[in-house]
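Note that these values count all heavy atoms, side chains included, but never hydrogens, waters or copies made by symmetry.
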Amino acid sequence: MVEAPQTAEGWFSLHDFRSIDWDAWRDAPESERQRAIEEGVSFLKHRELVADADAGESALFSVLGHKADLLFLHFRPSLDDLSSIERRFEDTALAEFTERETSYVSVTEVSGYVSDDYFEEGADAVDEGLRRYIEGKLKPEIPDDEYVSFYPMSKRRGEEHNWYDLDFEERADLMAGHGEVGKEYAGKIKQVIASSVGFDDHEWGVTLFGADPTDIKDIVYEMRFDPASSRYGEFGDFYVGRRFPPRDLDAFLAGETVPTGRVPDEDSAGHPHGEGSHHGDDAHGHGDDGHGRGEGHDRSGAGGGPAHGDHPHGDEEAGGEGDHPHGEGGSHGGKGDAHGDHGGDGGHGDESDDADIRGELADLDIYAGKPHGEDVYATVLYSEADVDELFDEVEGLRGNFDHYGTHVKTAVYEGRHTDRAAVVSIWDTASAAETAGGFLSELPDIVARAGEESGFGTMGMFYTVKPDYQTEFVDTFDDVGGLLAEMDGHVETDLMVNVEDENDMFIASQWNAKEDAMQFFRSDEFSETVQWGRDVLADRPRHVFLA
């Protein structure tokens, strides 16, 4: 019997496609329509806020064409949760004006092609990057305000071409080649793959997200020419739409363009998962998901290619596992929100805490960068590899990153007092930064992602020093470092220098608790350093916090 890979399952998924009975809507009294809108908005807002379960994701999309008008997309820990959502919607006045055109039930999945150790020895047997990648695949997040394409697919079981008659290595090679095609779409496409074997008519449900709908078309088109699809792929109906927040439901029903861009109401604006600050824009987002990762562990293909699983296309963006049709790449865990023009890895803590910290710094006349408005997004990972070897690898990735207009900068910073280097990749969008993180996680000897260490991390990033003051800046940092070493609650601080530009500095500081860090920022010594920095720095430093 051909080897069947092991699988691990995560959240269950429901794609609920609805059409509007437009004749009934037009004929209904204004009071009934208003009630339908209010109950529909309330239902959808509560689903996005995950008020019905301990975890999950939900989103609302408009759908183009005759197949449907709306898509309600839900991820929840159990099928019972999804069942409850279905029935609750039917209790709303909005449901009376809709008809279900179709639906799709599935469960997120990673397969044994990801890592032998993960399945045989457990999650603790794999490195943090791979573990977070798997977590992101099993518990996906939905990008904010992007186009969506959904389609089901299966692997062919014909007389001439039968995917399930192929041995493991042949399937892995096919999917590795398939993933190479998808690498071209790193930063452009995020995808979620969920298995529907035993649940629905096809074997997988594929959901693609992208800011440009032509990128969705292009990736599907190019992959059709790859043998993994041309010989073995069978596809169902395709659906395409655009995400919009529940508050725009009235605009959608009135025929207006959505999303409207209206300011969120107070109910949602302050919630970390609210409509106005969902994962695409929230300074504390969690990511594309996108958490792509190449194999490179137990059954990796040559050249870092993925040993892909039985999934439709393979993981293109990360060169990653075969569990997914197109791959996402992406950072392992949270999105790094670089507050300010020069970036930084954003906090993983509570948004209100972040605002409090920024307020305290402002009172101390310390610029922390704006949490929104002038943002770029960064992924920061640490490696213990030889710096020259690491730079060569990063330089190769950077050449690919430069093809995308959203790429700002990727660089390697060498530590002065620690044995690890920092790899920083800065992008205009959160999804692009997350996707880049997937590639960067495959660099040699990656040991951590900024913000994942225990305790309270702070970062003053991208101190661009005037050349004439470079030596003086380094000496001053060493003096400050001596002060830090004597402070209670201080764990580690290092000044890291861009291997290509000695005037580009990066300071990483780790503390046991927020108050320990703030005590330092309140010190006279730090205040004097800030004042002095205005003379020696070429621009304003960004003090970015990883709570």
I'd like to know if the side chain of D494 pairs up with that of T418 as donor and acceptor (distance under 3.5 Å, no hydrogens or angles considered). yes

Whether over 12 other heavy atoms sit under 6.0 Å from D402 CG: yes

Donor-acceptor contact present, side-chain E57 to main-chain P140, <3.5 Å: no

May I ask you to say whether D248 pairs ionically with R243, meaning some side-chain N is under 4.0 Å from a carboxylate O? no

Please report the shortest heavy-atom distance between A436 and F401, naming the atom on each side. CB-CZ, 3.9 Å

Is any side-chain heavy atom of R416 closer than 4.5 Å to one of V497? yes

Do Y382 and R420 pair up side chain to side chain, a donor and an acceptor below 3.5 Å, judged on atom types alone? no

Hey, does E384 have a side-chain heavy atom less than 4.5 Å from the side chain of P444? no

Please report the closest heavy-atom contact between K137 and T108, naming both atoms and the distance. O-CB, 3.4 Å

Side-chain touch I189/I216, heavy atoms, less than 4.5 angstrom: yes

So if I apply the side chain to side chain contact (heavy atoms under 4.5 Å, CB included) rule between S383 and each of V447, V412, L390, L440, which one comes out positive? L390

Ion pair check, E500 and R398, cut-off under 4.0 Å: yes

If you draw a 6.0 Å radius around CG in D475, do more than 12 non-hydrogen atoms from other residues or ligands fall strictly inside? yes

Are E48 and R247 ion-paired here, with the side-chain N under 4.0 Å from a carboxylate O? no

Taking the side chain as every heavy atom from C-beta outward, state whether F473 and M505 have any pair of such atoms under 4.5 Å apart. yes

Test item: side-chain donor near acceptor, N503 and Y469, under 3.5 Å: no

